[in-house]
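Notes follow once the structure below has been shown.
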Amino acid sequence: MSRAGFLKTRVLFAACILAATVASNPTFSQEATPAAARIETAAKQALLVDGETGTVLFQKNPDAPFPPASLAKMMTMEIVFAALRAGELRLDTEFPISEHAWRTGGAPSGSSTMFAKLNSRVPVEALIRGTIVQSANDAAIAIAEGMEGSEDAFAQRMNERAQELGMTASRFVNPTGLPADGQEVTVRDLLTLARHIRATYPELYKIYAEPAFEWNGIFQRNRNPLLAMELGADGIGTGYTEASGYALVGVTRKGGRVTLLAMSGLEKSRERAEEARRLLTWAEEAFEPRTLFESGASIGTASVFGGSSGSVPLAVSQPVKLLVPVDAPDRVSAQIRYNGPLIAPIEEGDRVASLEIRVDEDIVLTQALYAGASVFAGDFADRAMGAVKELAVGWLRAF
C-alpha cells in the first residue's frame, strides 16, 4: 500500500471507531503544536500556520498578549483597504499633515517616518506606501485624523473591526503602535488579520512586498528582513518596543504553499531575522500536504435521539487538507466530537459536529461536520426507545 493510502486508511479507521464519542463540550479546540514538531525558538511568542489548510505547524504562547509596536499598522491598513473598497476613500484623496502628526510621527519624533512636510497634503496612496514600506508613524496618524478626526476615534474603529474579524484578544489605542497603556495583541490574532488582508485585498496587499519607497526626496527600504531572503516572502512587517522586543509577521509563498509566521519577544533585530528564517525553512522541509477527505465525504455517524433513525451520517462540506509530518504520517488520526445524542428532527446540511485531526495526541486542525441526511422526528415507539437508550446512557455516565 502506498504511503498516502496508508495515511487515509488510518484516519478513516480512527474516525469510524470514534464516531460515537460523546463530547460534553463540543466547542472547537485551540490548535496545538504537533508532537512531531521538534523545534524550539528564542521568541517569547510564536505561531506558524499553513496558509491553505490552517494547519498549526508550531506554536509558543500564541495567546499571550504583548504590545504590538508597528504591527498595529496592519489593522490601520485594514481599515483603509476596507474604506477604499466601500468607496469611502479614493487613492487620490488627500489628507493634511497636522502639527500633531508631524511632531508625534514625523521628522522631529525620531521614530519611523516618511518625512512628510508639516501642513502638506499627501494622497492616500502615498500614505499607504509610507505606512507599509517605511512603517511611517506620520502617515498612520494623518490617515487616522483624515478619516475619523482623531487618533482616539480611529482607534475605536480599529477595535470594532478587530472584533468583527474575530481578534478577540487584541485592543488598539492608536493607529501607529507607539507605546500606550492597554494596547496589546496576540500572535494568533495577528495571523488572523494577516490571512484576512492577504485574501480580501490582494491588489493592495502587493504593496507589502515593495522593496522601497521615496517621499519628500528621501529614499527608504522596506523594513521586512524576509523580503531579502530566498523564502518567497511577500509580507508583512516588523515591530519593536522596549517592552516586547522585536516582532515580525511574515508571509511566504513557495512551491505552491503559503506559510504565515507571527513572532515577538526577540532581543535583537538580527535574532528576529535568523529565527524567522529558521522556522520558515523548517516548515517547508518538515511537512508535506495531504488531502485526508474529499468534499462531501461521509466519515462517520452520530447518535440521534427520538428520530426515525438512531444515527445520522456526518460529512464534510469541503476537502479536509492537512500538512503532515514528513517523518511520521502514520501518527495522524481523527476524532469526531459532538454533543450527543443529537435530537431529531435534523435537516440535511445542518452543522452538528466537528472533526479533530491529531498528530499523536495533539490537535492540529478542526473542521465542521454536517448532517449527510435528514432524520425526521420518529413515532411514539421511536421516541420511547430513544428515551430508554438515553436513560441507560445517563445511568452509565453517573457511574
Query raised in the report: Which heavy atom of I207 sits nearest a heavy atom of V133, and at what distance?
Result: O-CG2, 4.0 Å
Query raised in the report: Under the side-chain contact (heavy atoms from CB on, under 4.5 Å) test, which residues partner T281, sequence neighbours left out?
Result: L231, R277, E285
Query - salt bridge (Lys or Arg N to Asp or Glu O under 4.0 Å) against E274, all qualifying residues, sequence neighbours excluded - result: R270
Query raised in the report: Within the distance-only criterion (no hydrogens, no angle test), does the side chain of E275 pair as donor or acceptor with the backbone N or O of A42 below 3.5 angstrom?
Result: yes
Requested in this report: Check which hydrophobic residues are tied to I218 through side-chain heavy-atom contacts below 4.5 Å, counting indirect links as well, and list them.
Outcome: F115
Query raised in the report: Side chains of V375 and S308: does their closest heavy-atom pair fall under 4.5 Å?
Result: yes
Requested in this report: With sequence neighbours excluded, give me every salt bridge (charged side-chain N to carboxylate O under 4.0 Å, His left out) pair touching residues 219-245.
Outcome: R198-D234
Requested in this report: Would you mind reporting whether I141 and E151 have side-chain heavy atoms less than 4.5 Å apart?
Outcome: yes
Query raised in the report: Is the closest side-chain heavy-atom distance between Y240 and T238 below 4.5 Å?
Result: no
Report summary line: In short, A101 meets A142 closest at the heavy-atom pair CB-N, 4.3 Å
**Report entry** F293 side chain near L355 side chain, heavy-atom distance below 4.5 Å
**Finding:** yes
Query - Residues, nucleotides or ligands: over 12 heavy atoms within 6.0 Å of E267 CD - result: no
Report task. Name all pairs fulfilling the salt bridge (charged side-chain N to carboxylate O under 4.0 Å, His left out) condition that reach into residues 89-105, sequence neighbours left out, sorted by first residue then second. Result -> R90-D92, E94-R121, E99-R103
**Report entry** For G237 against N224, the heavy-atom pair lying closest together
**Finding:** N-ND2, 4.0 Å
Query raised in the report: In Å, rounded to the nearest 0.5 Å, how long is the span from CG of L323 to CD of E288?
Result: 9.0 Å
Query raised in the report: Any side-chain heavy atom of L48 within less than 4.5 Å of one from W282?
Result: yes
**Report entry** Side-chain (R129) to main-chain (E210) donor-acceptor, under 3.5 angstrom
**Finding:** no
Query - Counterpart residues, salt bridge (Lys or Arg N to Asp or Glu O under 4.0 Å), relative to E203 (two or more places apart) - result: K206
**Report entry** Q183 side-chain N/O to N174 backbone N/O, donor-acceptor pair under 3.5 Å
**Finding:** yes
Query - Any pair counted as salt bridge (charged side-chain N to carboxylate O under 4.0 Å, His left out), so long as it reaches residues 303-320, sequence neighbours left out - result: none
Query - Nearest atoms (heavy-atom pairs only) where A315 meets G296 - result: CB-O, 3.9 Å
Query raised in the report: Is there a path from L227 to L279 through hydrophobic residues (I, L, V, M, F, W, Y) whose side chains come within less than 4.5 Å of each other?
Result: no
Query raised in the report: Counting only N and O atoms by type, is there a donor-acceptor contact under 3.5 Å from the side chain of K60 to the main-chain atoms of T41?
Result: yes
Query raised in the report: Which pairs count as ring-ring contact (aromatic ring centres under 6.0 Å, His included) when at least one residue sits in residues 148-181, sequence neighbours excluded?
Result: none
Query raised in the report: Looking at side-chain heavy atoms only, is the closest gap between D181 and V173 below 4.5 Å?
Result: no
Report task. Report whether L165 and L260 are members of the same hydrophobic cluster (ILVMFWY, side-chain heavy atoms less than 4.5 Å apart, transitive linking). Result -> yes
Query raised in the report: Counting only N and O atoms by type, is there a donor-acceptor contact under 3.5 Å from the side chain of S374 to the main-chain atoms of E348?
Result: yes
Requested in this report: Give a yes or no answer on whether the side chain of R253 reaches the backbone of G232 with a donor-acceptor pair at less than 3.5 Å.
Outcome: no
Query raised in the report: What pair of heavy atoms forms the shortest contact from P345 to A377, and how long is it?
Result: CB-N, 4.0 Å
Query raised in the report: Does R171 use its side chain to pair, donor to acceptor, with the backbone of N159 at less than 3.5 Å?
Result: no
Report task. Pick out which of D350, T301, L342 makes a side chain to side chain contact (heavy atoms under 4.5 Å, CB included) with V312. Result -> L342
Query - Under the salt bridge (Lys or Arg N to Asp or Glu O under 4.0 Å) test, residues paired with E184 that sit two or more places apart - result: none
Report task. Might you work through the side chain to side chain contact (heavy atoms under 4.5 Å, CB included) test for F66 and V187, ending with a clear yes or no? Result -> CA-CA 9 Å; F66 62 92; V187 289; 3.8 Å; yes
Query raised in the report: Got a donor-acceptor contact below 3.5 angstrom from the S295 side chain to the S317 backbone?
Result: yes
Report task. To the nearest 0.5 angstrom, please state how far the CG atom of D189 sits from the CG atom of L71. Result -> 12.5 Å
Requested in this report: Hey, could you give me each pair passing salt bridge (charged side-chain N to carboxylate O under 4.0 Å, His left out) that has a residue in residues 133-150? Not counting sequence neighbours.
Outcome: E148-R157
**Report entry** Set of salt bridge (Lys or Arg N to Asp or Glu O under 4.0 Å) partners for K44, sequence neighbours left out
**Finding:** none
**Report entry** Short side-chain to backbone donor-acceptor contact, K73 and T176, under 3.5 Å
**Finding:** yes
Query - Min side-chain heavy-atom separation D50-K321 under 4.5 Å - result: no
Query raised in the report: Linking I/L/V/M/F/W/Y whenever any side-chain heavy atoms sit under 4.5 Å apart, do I128 and I236 land together?
Result: yes
Requested in this report: Check whether I343 and Y370 end up in the same hydrophobic cluster, where Ile, Leu, Val, Met, Phe, Trp and Tyr are linked by side-chain heavy atoms less than 4.5 Å apart.
Outcome: no
Let me check something: any side-chain donor-acceptor pairs from residues 75-83 under 3.5 Å, sequence neighbours excluded? List them with distances.
{"from": "T76", "atom 1": "OG1", "to": "P175", "atom 2": "O", "distance (Å)": "2.7"}
{"from": "E78", "atom 1": "OE1", "to": "R161", "atom 2": "NE", "distance (Å)": "3.0"}
{"from": "E78", "atom 1": "OE2", "to": "R161", "atom 2": "NE", "distance (Å)": "3.2"}
{"from": "E78", "atom 1": "OE2", "to": "R161", "atom 2": "NH2", "distance (Å)": "2.9"}
{"from": "E78", "atom 1": "OE2", "to": "H196", "atom 2": "NE2", "distance (Å)": "2.9"}
{"from": "E78", "atom 1": "OE2", "to": "Y201", "atom 2": "OH", "distance (Å)": "2.7"}

Query raised in the report: When hydrophobic residues are tied together by side-chain contacts of less than 4.5 Å, even through go-betweens, does V316 share a cluster with V364?
Result: yes
Query raised in the report: What's the verdict on side chain to side chain donor-acceptor pair (under 3.5 Å) for D152 and S150, showing C-alpha distance, side-chain angles and the deciding distance?
Result: CA-CA 5 Å; D152 289 343; S150 70; 5.3 Å; no
Report summary line: One should read off an interatomic distance between L47 CG and L57 CG, to the nearest 0.5 angstrom, of 9.0 Å
Query raised in the report: Between Q220 (side chain) and T113 (backbone), is there a donor-acceptor pair under 3.5 Å?
Result: yes
Query raised in the report: So how far is it from L84 CG to L89 CG, rounded to the nearest 0.5 Å?
Result: 5.5 Å
Query raised in the report: Side-chain contact, heavy-atom cut-off 4.5 Å: Y338 with S354?
Result: no
Query raised in the report: Aromatic rings Y208 and Y205: how do their planes relate, parallel, tilted or perpendicular, breaks at 30° and 60°?
Result: tilted
Report summary line: Rounded to the nearest 0.5 angstrom, the CE-CG distance for M147 and L127 is 11.5 Å
Query raised in the report: In Å, rounded to the nearest 0.5 Å, how long is the span from OG1 of T366 to CD of E356?
Result: 7.5 Å
Query - Closest approach of A344 to G307 (non-hydrogen atoms, all atoms of both residues) - result: CB-CA, 3.5 Å
**Report entry** CA sep, side-chain torsions, deciding dist, call: S112, N137, side chain to side chain contact (heavy atoms under 4.5 Å, CB included)
**Finding:** CA-CA 6 Å; S112 302; N137 292 318; 4.3 Å; yes
